[in-house]
Each structure stands twice: as structure tokens, then as C-alpha cells.
Amino acid sequence: MFRPVISIAALIVATGVASAQTAQPADFVFTNGKVYTVDKDNSWAEAVAVRGNEIVYVGDDTGAEALVGDGTETINLEGRMMLPGFVEGHFHTTTQGIILHGPDLQTDTMDELLAKLKEYADANPDLEFINGWGVRPNLYGPGEPTAEMIDAVVPDRPVYLWQVDGHSAWINTKAMEMAGLDKDTPDTVPGASYFVRDDDGNPTGYIVEVPAQIEILNKFVTIDADYIREGMARWFPEYSKAGITAVHDFGWAGVDQDMAIGILKGFEEDGTLGMRIYGSYYWNDASIDPVPIAKKMRDENQDGLVQVNALKINMDGDDDKYSALLVEPYSDNPDADPEPIIPFDVMQDAAVRADKEKLHLLCHCFGDLAVRTFLDYVELAKEANPEWDRRAVASHATLVHPDDYPRFKELNATYDTTGQWMALDPYTGAISPERYGPERMKRLFPIKAILEAGGNVSLGSDFPAAAYVADYKPLNAITQAVTRQMLGKPDMPILGGEGMRLSVAEAIRANTYGAAYGTAVEDRIGSLEVGKLADLIVLDQNLFEIDPHDIYKTKVELTMMDGTVRHREGL
């Protein structure tokens with residue numbers, strides 16, 4: 001049984017129109033709606049008014065009438081639902097420009113994938129290099145794929161395929177030959193980013209982690225501003241169509257940071273960016289001191305739609321490759337003893353120094369030991385440095401040890417994870433049970449438990465990376481966070497049981513205010529309140545009045561970001 005935490009008949013918010021600010025005509029007045037504000041009281045309203053890029057009124061229809069002038073566009077919502085614009089708690093805005101070239105290979109069998117790859121190659125005979133993305137690891141597990149599998153369908157041209165998690169790649173024999181990858185090629189970062197090899201030391205065609213992936217990709221393409229911009233351009237309208245108005249960007253991996261910021265600001269200047277970007281410096285190289293770099297990026301980018309305020313630490317890998325850091329051993333490989341991507345002492349030192357510079361700390365923490373270690377660093381920084389409004393975020397956090405649930409509240413840290421992953425899909429339902437065993441599977445993605453312990457929680461898709469499906473749509477994430485089942489499969493087993501499900505209200509908040517709070521911008525976005533920036537969306541259905549399994553079918557009919565309509569269809 002699903003129940004919203006607040007009735008649709010809840011008290012309407014009325015802010016009044018007495019101030020000089022609200023006495024002037026608005027640019028937009030929305031009336032006759034079901035406006036779920038996501039304020040501290042989860043209030044409802046009928047009308048919202050916008051002037052410039054700011055919300056100037058939230059209340060009833062009668063009060064909104066005073067804001068209608070000759071130049072006001074009045075939109076009768078006719079009972080439609082309005083929400084704050086979705087805020088993505090974990091996103092990678094420039095990574096699309098590197099990864100999302102060529103065919104989308106998100107398929108459910110190896111035969112389907114290879115057939116799709118061959119179809120693309122046959123349809124593009126003049127391509128000298130074939131790139132693709134979205135390969136799901138469950139297709140070939142256990143173990144890894146080999147170059148010979150691709151050779152069977154494309155033997156004569158180099159092929160480079162991104163795994164759907166973004167942390168591995170798969171190439172054919174021709175690509176290895178042309179890249180000069182052979183038995184004598186040293187691993188890029190031994191033990192952390194490397195080329196999988198056979199018993200004789202020969203590379204098999206499978207590449208682990210971003211540094212080694214980029215080393216090989218650079219042999220075939222020039223990852224410059226034009227290449228990245230081309231790969232990104234078509235996606236911004238799609239994000240607006242999905243209702244996304246802001247993202248917490250967890251790093252511009254594989255690209256020069258100044259170049260990435262320049263590309264994004266270029267989209268802002270030509271009016272096509274369509275969303276706010278709160279960025280971070282992506283750190284996964286122990287030889288680099290990230291603090292001065294992140295501080296410089298922060299100090300130089302505090303205005304406009306593209307801003308930087310954080311250091312992102314890449315601590316571990318994932319369960320697929322036994323590279324997630326766990327408190328207890330892997331169930332199917334107790335001898336696995338993965339190392340952190342950056343040595344613990346180096347990470348700790350950088351975390352404390354970054355906090356002293358008032359840089360927010362973000363972390364890719366897949367396993368429960370990684371989460372615990374990151375929270376330890378936040379605690380050390382809190383003890384060592386003067387108090388300030390720090391907002392640490394542990395993201396992914398597939399497993400969190402129950403002893404650490406209350407620490408999120410204690411440290412004012414945010415638990416961020418991906419709704420699209422919260423189901424027993426062919427990855428989580430096949431690979432994760434082998435790695436974790438039945439007891440740990442019961443507490444996978446403990447967003448509900450951390451929320452009940454008083455912590456702030458956030459939903460972020462990590463697009464274009466994923467465990468099973470690369471998916472940026474918040475309504476899909478909300479559906480799975482509420483059901484803990486795959487989209488369109490209400491009869492499948494519930495991941496972790498019913499007690500792990502979020503309510504509709506909790507899931508909406510996690511993908512709006514919760515993500516804004518984790519980004520330290522909840523005073524500007526994340527809820528519909530007077531004085532906040534005009535980021536809002538209109539839906540064709542009230543999410544509280546439909547079967548939660550059908551939330552993903554809801555259509556975003558209007559998206560406004562910064563007072564400008566970025567998407568409008570059906571309204």
C-alpha cells in the first residue's frame with residue numbers, strides 16, 4: 001500500500017500580495033493548479049507568479065489576479081500538477097560528449113548487442129573508427145568480454161565500446177593493433193586502471209577505469225572542445241523535456257577542466273544550456289594535489305549558470321570488478337582485497353585541506369567501507385577546521401553499514417544514490433547477490449533507512465553512467481525509488497522488501513529539495529517559494545493520485561528554468 005505523507009486536500013499556501021515587489025505585474029502567472037511546493041511543510045497552492053527569473057508569488061488564485069498586467073502571460077493549469085524543477089544530485093554534463101557517440105548498445109543479450117553493432121557498422125561503411133556505448137556487464141558476466149567477440153562481427157575496423165557504468169571499455173583486435181596495445185604495454189595506473197590480460201599477459205580487449213580508457217580512446221579521436229561539444233549539444237533539450245533544471249556535476253573526467261567549463265559557458269552564452277550546473281573538480285590521480293586546482297576553479301566560477309563549489313574524490317570502483325571497498329569480505333571471493341583508487345592517507349590529507357578552503361566534499365563511495373572512510377574524513381575535517389556550512393555528499397553508496405546511518409545527520413552529510421538502480425534488474429539481481437550475499441542484499445540502497453535516521457537524501461542518475469540502464473529521467477528514478485521494482489514490472493520481487501520503499505513525497509523531495517540541499521543551493525532552488533529562482537515544471541498527472549508504478553508514464557508539459565520556458569508541449 002502506497003500513501004502520500006500529505007493529503008491532496010492539505011492547506012493551500014497563501015503569501016499575500018501586499019509588498020511592493022508583488023504589487024508589480026508578473027511576467028507569468030500560473031493559476032488553477034495543484035502546486036506541490038516541497039517547502040518545509042510540504043504545502044500545496046493553486047497559483048504561482050514569476051517576474052524575471054524569480055518567483056514572486058505562491059498562493060491562491062485570487063491573490064494571483066493582482067499580478068496580471070498587460071504583458072503577463074497567464075497560464076491556466078486546469079488542475080495539472082506543478083513541482084519545482086528536478087535537481088539531479090549526481091550528473092556528468094560533459095561526459096556525454098566523450099561517451100555518447102555511435103550506437104546505444106543497451107540490450108539484454110549478447111546476440112542483440114552484436115547484431116546492433118554489426119547493423120551500425122554496415123550502415124556506416126565509411127567510418128574509419130566505430131564508437132559505441134551502453135554495454136551492460138550482465139551480458140558477459142561472470143568474467144569479461146574479449147576482443148574476439150567483436151571481431152566476429154566487425155574485424156576490419158577499430159571498435160571501441162563504453163560499458164554502461166562508464167568505468168570500463170571493450171575493444172576489438174584491430175583497435176588493439178592500431179593503438180599499439182600488446183603484452184609489453186604497461187598498465188596506465190597499475191592495480192587501479194589497467195588492461196585485463198590472459199594467462200600469458202596479453203591484453204584481452206577489456207579495459208578497466210577511466211585513465212586507461214582515455215589512453216586508448218586518444219589513439220583514435222581527438223578529445224577536444226569540438227568533439228565534446230558535438231556529443232553534448234543534442235542532450236540539453238532532452239534534459240529540459242525530462243524536467244531537469246539543475247544538476248550537481250560530479251566531475252568532468254577525461255577532459256581538461258578549463259575546456260569543460262568553457263564548453264558549458266559557451267552553451268550558456270548561446271542560450272542552449274537549459275539548466276544550472278554546479279560543478280566539482282574530479283580527482284582520481286594521487287600524483288595531483290587537487291586542492292589548489294579545485295579552489296581556483298571555485299573562485300573563478302561563482303556567477304551565471306555554471307558554477308563550481310566542490311572537490312569530488314573517486315575512492316573505489318564497483319562490485320562487478322571486485323573494486324568496491326567493503327567492511328566484510330565479498331561473498332563469492334573472500335580473498336578479494338581491493339585498494340582505494342587513491343591511497344587512504346593521501347585522500348584524508350586532501351579532504352581536510354579542501355574543507356579548510358571551504359570546498360564541499362563529494363565522493364564516489366560504492367561500498368560500505370568507502371562510505372565509512374569518507375564519513376571519517378568529513379568528521380576529521382569538522383574537528384580540524386573552523387565551523388562552516390559544509391555539505392558533504394556520499395554518492396552511489398550502494399551499501400552503507402547500519403552503524404553509519406545516523407552519521408549522515410550528525411555530519412550534515414547527504415546520502416545520494418540512483419533511483420534507476422533500485423530494482424532487481426539483470427545486474428543488481430544477478431551480479432550483486434553473488435558479491436554481497438543474501439543478508440547484505442536486504443539493505444542495498446538504504447535511502448529510506450538514512451532518511452528515517454534524520455539524514456538528508458538525494459536522487460541523482462549519474463548519467464550517462466549506470467549499473468544496468470543509463471537513464472537521466474527523474475520520473476523514472478522516482479518510480480523505482482517508490483516501488484523498488486523495474487519500470488513496468490509491478491509483479492517482480494521488491495528490492496529489500498516493502499520497508500525499503502520511499503513514499504511519493506519522499507522521492508519527489510529527494511529529486512528536488514534534497515538534491516539542492518546536498519549542492520548547498522537550497523536557498524535558491526529546490527522548492528517553490530517566494531524569492532527563489534523560477535525553476536519549475538508542470539506535469540500532466542498528479543503523482544499522488546496515480547498508481548506509483550505509473551509515475552514514469554507522466555509527461556512533463558512545461559519546464560521553466562531561470563524564468564525562461566525551456567520546454568513546452570501540450571500546455
Side-chain angles (χ1 to χ4, degrees), residues 87-101 131 133 162 166-167 169 193 209-211 213-215 217-218 221-239 244-285 287-314 341 354 359-364 393 395 460-465 470 472 519 521 561:
V87 182
E88 276 292 290
H90 184 153
F91 214 74
H92 293 281
T93 43
T94 60
T95 308
Q96 302 94 301
I98 300 173
I99 293 179
L100 303 186
H101 293 263
N131 203 350
W133 62 280
W162 289 88
H167 289 267
S193 183
E209 285 299 340
V210 174
Q213 293 167 253
I214 295 299
E215 178 183 338
L217 184 62
N218 272 328
V221 299
T222 301
I223 305 176
D224 58 12
D226 289 339
Y227 182 80
I228 296 169
R229 187 181 294 110
E230 176 190 354
M232 293 172 64
R234 73 181 182 91
W235 289 97
F236 291 116
E238 297 302 316
Y239 302 148
I244 300 170
T245 55
V247 301
H248 201 181
D249 196 307
F250 268 54
W252 303 306
V255 60
D256 177 81
Q257 306 298 286
D258 290 336
M259 180 198 297
I261 292 171
I263 292 169
L264 290 167
K265 288 190 173 181
F267 284 119
E268 179 180 2
E269 289 167 5
D270 67 22
T272 59
L273 182 55
M275 61 187 188
R276 306 178 194 281
I277 310 241
Y278 297 101
S280 60
Y281 175 62
Y282 182 101
W283 183 44
N284 66 353
D285 186 342
S287 69
I288 295 173
D289 182 355
V291 178
I293 301 172
K295 182 178 183 296
K296 181 176 184 290
M297 289 171 61
R298 187 268 313 278
D299 293 346
E300 293 177 351
N301 297 282
Q302 287 298 298
D303 299 312
L305 297 180
V306 184
Q307 300 182 20
V308 178
N309 64 4
L311 168 64
K312 186 264 184 81
I313 299 169
N314 209 30
I341 291 173
L359 288 161
H360 300 294
L361 297 174
L362 317 178
C363 187
H364 169 114
V393 181
S395 192
S461 65
D462 192 23
F463 189 74
Y472 57 87
T519 314
V521 291
M561 192 282 298

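No hydrogens, no waters, no symmetry mates; every other heavy atom, side chains included, goes into these values. In this chain, numbering begins with 1 at the start of the sequence shown.
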Are the side chains of [X] and [Y] in touch, meaning some heavy atoms are under 4.5 Å apart?
| X | Y | result |
| --- | --- | --- |
| Asn301 | Asn309 | no |
| Tyr227 | Arg229 | no |
| Ile313 | Leu362 | no |
| Leu311 | Trp283 | yes |
| Ile263 | Thr93 | no |
| Val247 | Val87 | no |
| Pro211 | Asn284 | yes |
| Tyr472 | Glu88 | no |

Heavy-atom donor-acceptor pair, [X] side chain to [Y] backbone, under 3.5 Å:
| X | Y | result |
| --- | --- | --- |
| Ser461 | Phe91 | no |
| Gln96 | Gly231 | no |
| Gln213 | Val210 | yes |
| Gln307 | Ile277 | no |
| Glu268 | Leu305 | yes |

Could you tell me if the ring centre of [X] sits under 6.0 Å from that of [Y]?
| X | Y | result |
| --- | --- | --- |
| Phe236 | Phe267 | yes |
| His248 | His92 | no |
| Phe250 | Tyr282 | no |
| Phe463 | Trp235 | yes |

*Is there a side chain to side chain donor-acceptor pair (under 3.5 Å) between Thr272 and Asp270 once you walk through the steps?*
CA-CA 6 Å; Thr272 59; Asp270 67 22; 2.5 Å; yes

Say you draw a straight line from [atom1] of [X] to [atom2] of [Y]; how long is it, rounded to the nearest 0.5 Å?
| X | Y | atom1 | atom2 | answer |
| --- | --- | --- | --- | --- |
| Thr94 | Met232 | OG1 | CE | 6.0 Å |
| Ile98 | Trp252 | CD1 | CH2 | 12.5 Å |
| Ile223 | Ile214 | CD1 | CD1 | 4.0 Å |
| His101 | Leu217 | NE2 | CG | 8.5 Å |
| Asp249 | Leu264 | CG | CG | 7.0 Å |
| Leu273 | Tyr239 | CG | OH | 11.0 Å |

Side-chain donor-acceptor pairs under 3.5 Å in residues 287-297, sequence neighbours left out?
unit_1 : atom_1 : unit_2 : atom_2 : d
Ser287 : OG     : Asp285 : OD1    : 2.7
Ser287 : OG     : Asp285 : OD2    : 3.3
Asp289 : OD1    : Val291 : N      : 3.2
Asp289 : OD1    : Arg353 : NH1    : 3.4
Asp289 : OD1    : Arg353 : NH2    : 3.0
Asp289 : OD2    : Arg353 : NH1    : 3.4
Lys295 : NZ     : Asp299 : OD2    : 3.0
Lys296 : NZ     : Glu300 : OE1    : 3.3
Lys296 : NZ     : Glu300 : OE2    : 3.0

Shortest non-hydrogen contact between [X] and [Y], atoms and distance:
| X | Y | result |
| --- | --- | --- |
| Leu361 | Ala354 | CD2-CB, 3.9 Å |
| Pro464 | Ala470 | O-CB, 3.4 Å |
| Val255 | Ala260 | CG1-CB, 4.1 Å |

*Test Arg276 against Thr245 for side chain to side chain contact (heavy atoms under 4.5 Å, CB included), laying out the working first.*
CA-CA 6 Å; Arg276 306 178 194 281; Thr245 55; over 6 Å; no

